[in-house]
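Quick note on labels: first sequence line is chain A, next is B, and so on, each numbered from 1.
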Amino acid sequence: MFRNYLKTAWRYLLKSKLHSILNIAGLATGMAVALLAGLWVWDELSYNSNFKHQSHLAQVMLNQTYKGETYTGETIAMPLGDALRTQYSGDFKHVSLGSWNNELIVAAGDVKLPSRGMWVQHEFPEMFTLNMVKGRRDVLKDPSFILLSQSLAKALFGKADPINKVVRIDNRLNLSVGGIYEDLPHNSSFYDVKLLLPWGNNENWLGKQTAWSNHCGVLFVQLNEGADIDKTTAKIKNVPTPHIKDFKEEIMLHPFSKLHLYTEFKNGKAVGGRIQLVHMVGVIGFFVLFLACINFMNLSTAKSGKRAKEVGVRKTVGSLRRQLIGQFLGESIFMATLAFLLSIILVQLSLPFFNDLSDKQMAIPWSWPLFWLLAAGLTLITGIVSGSYPAFYLSAFDPIKVLKGVFKAGPMASLPRKVLVVLQFTVSISLIIGTIIVFRQIQYAKSRPAGFARNGLITVPLTDDLKKHFDAIRNDLLQTGAVENMAGSSQPASHFSNNNSIDWKGKDPGLVVYYRNVNVTHDFGKTIGWQIKEGRDFSKSFPSDSGSVILNETGAKMTGLKNPVGELIKFEGKTYQIIGIVKDMLTQSPYEPMEPSIFICGGWMGIITMRIKPTIPVSDALNRIESVFKKYNQGDPLEFKFVDDEYAKKYSNEVRIGNLAAFFAILAIFISCLGLFGLASFIAEQRTKEIGIRKVLGASVFNLWKMQSKEFVGLVMTACLVAVPLAWYFLNDWLQNYQYRTSISWWIFAVTVSGVLGITLLTVSFQAIKASIANPVNSLKTE
Amino acid sequence: MIKITNLEKIYRTEEVETVALNKLSMQVAEGEFVAVMGPSGCGKSTLLNILGLLDDPDGGSFLFNGIEVSRFNERKRADLRKRNIGFVFQSFNLIDELTVFENVELPLIYLGVSTSERKSRVEAVLDKMQIMHRRNHYPQQLSGGQQQRVAVARAVVNKPKLILADEPTGNLDSSNGNEVMQLLTDLNEQGTTIVMVTHSEHDARYSHRIIRMLDGQTVLENLMV
């Protein structure tokens, strides 16, 4: 019996080629989208699953509460590590303090490379079960050893054995290679940690920090077997509390399984983050597949007349209705299987593009049985979902009517089809509106006045070697003719990361305000092009400027001082005079209000910022600049960063959401149009006789086109009416996440609706016009 | 074999109520060849559909081999149908996507007959109908007469006790029509009971008895000699 079903299905497939192609192509596209979305979601959900002890690993987070507001962050004070290790040894198997993942220059012999690495305690490699290619995990107990990733070791030493060879870090610290670990996968929190430095080494300044108020590192723990993360949190949460005066400080354990997906906290609890994007992609993937299933249902039921006779005959010769349902479901599963095979090819071809779009390194897990099991499930469910309605619809035909040839679908028969088309276009239109608004939000944030000119600003790290020749380098750079100005600072103008409180005369003692504090040289403002609003800029003509500061407008307003210029402030125990107020500059989140900032003339610097002349080609300017740096720091690789590029990274999350939404929206509309095309072709075919008669009676091609297109336009307009308020509601909700947000203008809806109507008319017109220009004599003869 | 008593069938729409069968009673004995005649709309086809268990009566009794079948559910009706009844239609009703062989094979598939037995039984019946040489052709590649022979082959392949034929020659020329009527006569002579609805007096003459219907009732019975 099964063979007979398969045979019939295969012959129907070959007989109605257009119908089959549309069905399989639509389903394959839908399944490819579902597979891509599935791979993406899996990649996100399996983040950090490479760590063998993932379920017992956690990062220690800090909850600082002030006036009822709780701020959660990952930067902790160094004494916390020892406190947990010594006082709670029964709860934790391992504890490791760590630094940020720093940019470093790593040298081995003549090879010098920029890389990234962390100072960590010796238990770190064991906690995170690094796969050692050579050497031992516990080698960091000895502060003269270092662990390198396999890729970095290869880049530094080639094929030679790196063990016990010396590497030089930032041209100041020599360490021996104690081991090589396999690079961590892309979906790991430590993916770009390419070397691990020994915490106990004297050069690690973090290791010497003993103040509970100095939050400057990170802390990871591995719980003992059987330990409960919440119970342990309850036990340890007050460890730092007695040591902090100005506000309440507590700690909590953030499980590694949530580290990547839950980065937003409210009242000290993880409430969301990337998980929302995971849900969004999952839901969209499901919907796009559902759109393809709708196509299948629509085309199958629209063509039901062609299968009616078969249903009648099979019923007459003894088939039960459930056998027919089984047959039609079998057919749709068969179609879904063909579509799945095609979708695998589509996924394989589109993965490089999709990886690029989503910043991932995903691949089809060919040898993974679970993937094939899930794929089989997907195929089966797709087949059943798309085939269920046609199967029940077709199998219910009355054999007497269909065999007598008097079967005619009633006026309500096409209603479910219409509902499905409306549903399809509702999803597509909502996705299009969503995409436009996401990109509008990005554009809105991008167009926000920066307060300085980011264009043409480049930075390089200011190493200890370069510091010795700072003035000479500055002179030489200006001499090249490629550089307009150059200055030093503690942080780049693309992002100020330091945050500290300051004091001033008359400040409310209970008020805690954090200022972005940046150390700068005299020429920093002139280099980046800031705008002085009150007072004056730093100048070498005033020797006293090394003890002075400039505030930004928000910072000045925060002090409440009427005339802040000339007033004194206290910062880290030292007193400074305010000599100027600078216009607010956008250096932090483009979606948040301006933050108070303080610029201190002098102090530790780590960045050189240069403005290149716009009249000189960038490559030429970079060549000239490089030659200057080579003169003072031979062999060190020079890492240029463009301030505008670095700042643009702040939009990367939104750009990724926008790109994904656009990708899905385009495919959704493609699938919907595919279905519409099929339906239009079928309806045109069905109305051949009517069109012939109308033509004979004098209808023009335009009349006939209008008659055939009207129904589809009506359906799409209905979809618009549903989609517009729906999209408005959800996007308005999404925009509430941003303090600085775009408005939802009416034209977005107008453009989308007109665009979709245009596409609908194009899709439908091809078939409608074809049917309208056909010779009526032929069409009437065929009847 | 068939005994129907006071059979009623009424078709209702919102505006009209049409009585298709009006307390109709009749009997068909095993081995009989009965022709049912009457003007269009007299209820012939309705009667045939009820005899074929494709439709339910609204009242009355229908005994098939002594069993009351008028209230059978779908599963029981399908089971009785596939084991006992073969159909021949005016418009052949072959499945276009199946070959001659596969069309004839269909009833045996639903009966759960094994592949090898199906093959031999289908080949035997195709041979008998003299269309063996067309076994791999599709219906649209055959003439009307050949298509109806395939339809008859399909009707008899499961060796039914009863064949219901609804204007079997209606779409055929006289020569092909005669051939089909001869086939039905041969089958009847071999013991198959036949009930045939027809407009053709010529075809009706092949039967043993003609039942004439009007307005859902039998009005006359002619025994053929």
Using only heavy-atom distances, determine whether the side chains of B:Q148 and B:N171 contain a donor-acceptor pair under 3.5 Å. no
Cut-off 4.5 Å, heavy atoms of chain A, and the answer for B:R81 is side chain
From the list B:E105, B:E102, B:E123, salt bridge (Lys or Arg N to Asp or Glu O under 4.0 Å) partner of B:R118 resolves to B:E105
Cut-off 4.5 Å, heavy atoms of chain A, and the answer for B:L94 is backbone
- [ ] Begin from the C-alpha positions of A:Y393 and A:M297 and carry the test side chain to side chain contact (heavy atoms under 4.5 Å, CB included) through to its verdict.
- [x] CA-CA 10 Å; A:Y393 178 75; A:M297 293 183 206; over 6 Å; no
(message) Could you check whether A:S772 and A:Q708, counting side-chain N and O atoms only, form a donor-acceptor pair closer than 3.5 Å?
(response) yes
The reported gap from CG in A:L27 to OG1 in A:T382 (rounded to nearest 0.5 angstrom) is 7.0 Å
From the list B:L80, B:L53, B:L48, B:D96, the residue making the most non-hydrogen contacts under 4.5 Å with chain A is B:D96
Should the ring pair B:F62 and B:F64 be called parallel, tilted or perpendicular, given that the plane angle runs from 0 to 90° and is split at 30 and 60? perpendicular
Applying a strict 4.5 Å limit to non-hydrogen atoms, the region of B:R154 in contact with chain A is side chain
Turns out that what part of B:D166 lies under 4.5 Å from chain A's heavy atoms comes down to side chain
Cut-off 4.5 Å, heavy atoms of chain A, and the answer for B:Y138 is side chain
Honestly, the part of A:R321 sitting under 4.5 Å from a heavy atom of chain B is both
Bottom line for B:T46: the part with an atom under 4.5 Å from chain A's heavy atoms is neither
